[in-house]
Each structure stands twice: as C-alpha cells, then as structure tokens.
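What follows is a set of notes on a single structure, which appears directly below.
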Amino acid sequence: MKQYEFSLERIRNYKIQILDKEKKILGNLNRRRDDIAEKIRYLEKFGDEKTEQVQLKQIEGVSMMELSSLNYLIESTRKQVETLLIELERAEEIAEAQRKVVISIYQEKTGMDKLEEKQIEEYRLLEAKALESEVMQGINNKMARKITA
C-alpha cells in the first residue's frame with residue numbers, strides 16, 4: 001500500500017502563509033491603535049496639568065496674557081484629543097475587521113487539519129484491512145499447502 005499523503009497539503013501551506021501575513025497586519029494595526037490610545041492618555045494628562053496650573057495661577061493672580069496662553073494650550077489639547085478619539089475609533093474598526101479576516105483564515109486552516117485527521121484515520125483503517133487480508137491470504141496458502149501435502 002502506498003504511503004499516506006494529504007491531498008490538500010499545498011493549499012493548507014498556502015493558507016498558513018496567508019494566516020501568518022494577516023496576523024502580522026493585525027499586530028501592526030493593534031500597535032497603531034495602542035499608540036493612538038497612549039497619545040490620548042498623554043494629552044489628557046497634559047490638559048489636566050494645564051487646567052490645574054490655570055486654577056493655581058488664578059488663585060495667585062496672573063496676567064491676562066499668561067491666562068490666555070494657558071487657555072489656548074488647554075483648548076488646543078482638547079481638540080487634539082477629540083481628533084485622536086475619532087482616529088482611535090477608526091483604528092479599532094480596522095483592527096476588528098482584520099481580526100475577523102484572521103479568524104476566518106484560521107478556521108479554514110483548522111478545517112483542513114480536521115480533514116487530514118479524518119483522511120489519516122481512513123487510511124489507517126484501509127491499511128489495517130489490507131494487512132488483515134494479507135495475513136488471511138498467508139494462512140489460506142499455508143492451509144492449502146498442508147492439505148495438498
């Protein structure tokens with residue numbers, strides 16, 4: 001009996017290559033999303049610090065020029081955070097879409113793995129039947145020789 005060979009091996013290997021590529025893309029998208037989230041945290045902290053600074057300066061007394069400058073910084077930071085929040089939402093949508101692509105390819109690959117397991121099981125059954133047939137043929141031949149002798 002010929003040796004077992006999975007008929008879809010080349011296709012599965014191709015799927016594995018695509019899966020690896022798509023996982024790398026997903027990793028890059030997740031890093032980008034995390035970078036945006038980190039920028040948002042940094043800017044929010046910066047805005048909070050400047051707001052506290054304005055409150056302290058108001059208590060101590062400050063010139064309108066300095067107060068205006070600090071308020072401009074706070075407003076600019078708030079607008080940057082708003083822009084980054086929109087960018088973060090978009091990055092999350094893209095990462096989620098990519099995650100679905102990865103899951104789909106993974107499921108296809110897993111389906112092929114299960115198909116191979118089933119084919120191996122069928123091959124082993126056929127192999128066992130062939131071996132059993134050979135043993136029975138050998139026993140029959142031996143019995144036939146004894147009878148003729």
Got a sec: does the CZ of Arg78 have more than 12 other heavy atoms crowding it under 6.0 Å?
yes

Value rounded to 0.5 Å, distance of CD in Gln98 from CG in Asn28
9.5 Å

Per the side-chain contact (heavy atoms from CB on, under 4.5 Å) rule, which among Val81, Leu84, Leu88 passes with Lys39?
Leu84

Quiz: residues 46-54 side-chain donor-acceptor pairs under 3.5 angstrom, not counting sequence neighbours:
from, atom 1, to, atom 2, distance (Å)
Lys50, NZ, Gln53, OE1, 3.1
Thr51, OG1, Gly47, O, 2.8

How long is the span from the CZ atom in Arg90 to the CD1 atom in Ile36, to the nearest 0.5 Å?
11.0 Å

Could you tell me whether a side-chain N or O of Ser133 sits under 3.5 Å from a main-chain N or O of Lys129, the two making a donor and an acceptor?
no

Charged N-O contact under 4.0 Å between Glu44 and Arg41
no

Taking it one step at a time, do Ser76 and Lys79 satisfy side chain to side chain contact (heavy atoms under 4.5 Å, CB included)?
CA-CA 5 Å; Ser76 174; Lys79 286 181 181 179; 5.9 Å; no

More than 12 foreign heavy atoms under 6.0 Å from CD of Glu121: is that the case here?
no

Mind checking what makes salt bridge (charged side-chain N to carboxylate O under 4.0 Å, His left out) contact with Arg32, not counting sequence neighbours?
Glu87

Could you check Lys100 against Ile103 for side chain to side chain contact (heavy atoms under 4.5 Å, CB included), going step by step and ending with a plain yes or no?
CA-CA 5 Å; Lys100 289 178 181 176; Ile103 288 171; 5.6 Å; no

Which pairs with one or both residues in residues 101-110 pass salt bridge (Lys or Arg N to Asp or Glu O under 4.0 Å), sequence neighbours excluded?
Lys15-Glu108, Lys109-Asp113

Donor-acceptor pair, side chain of Thr110 and main chain of Tyr106, under 3.5 angstrom
yes

Atom CD of Glu122: over 12 foreign heavy atoms under 6.0 Å
yes

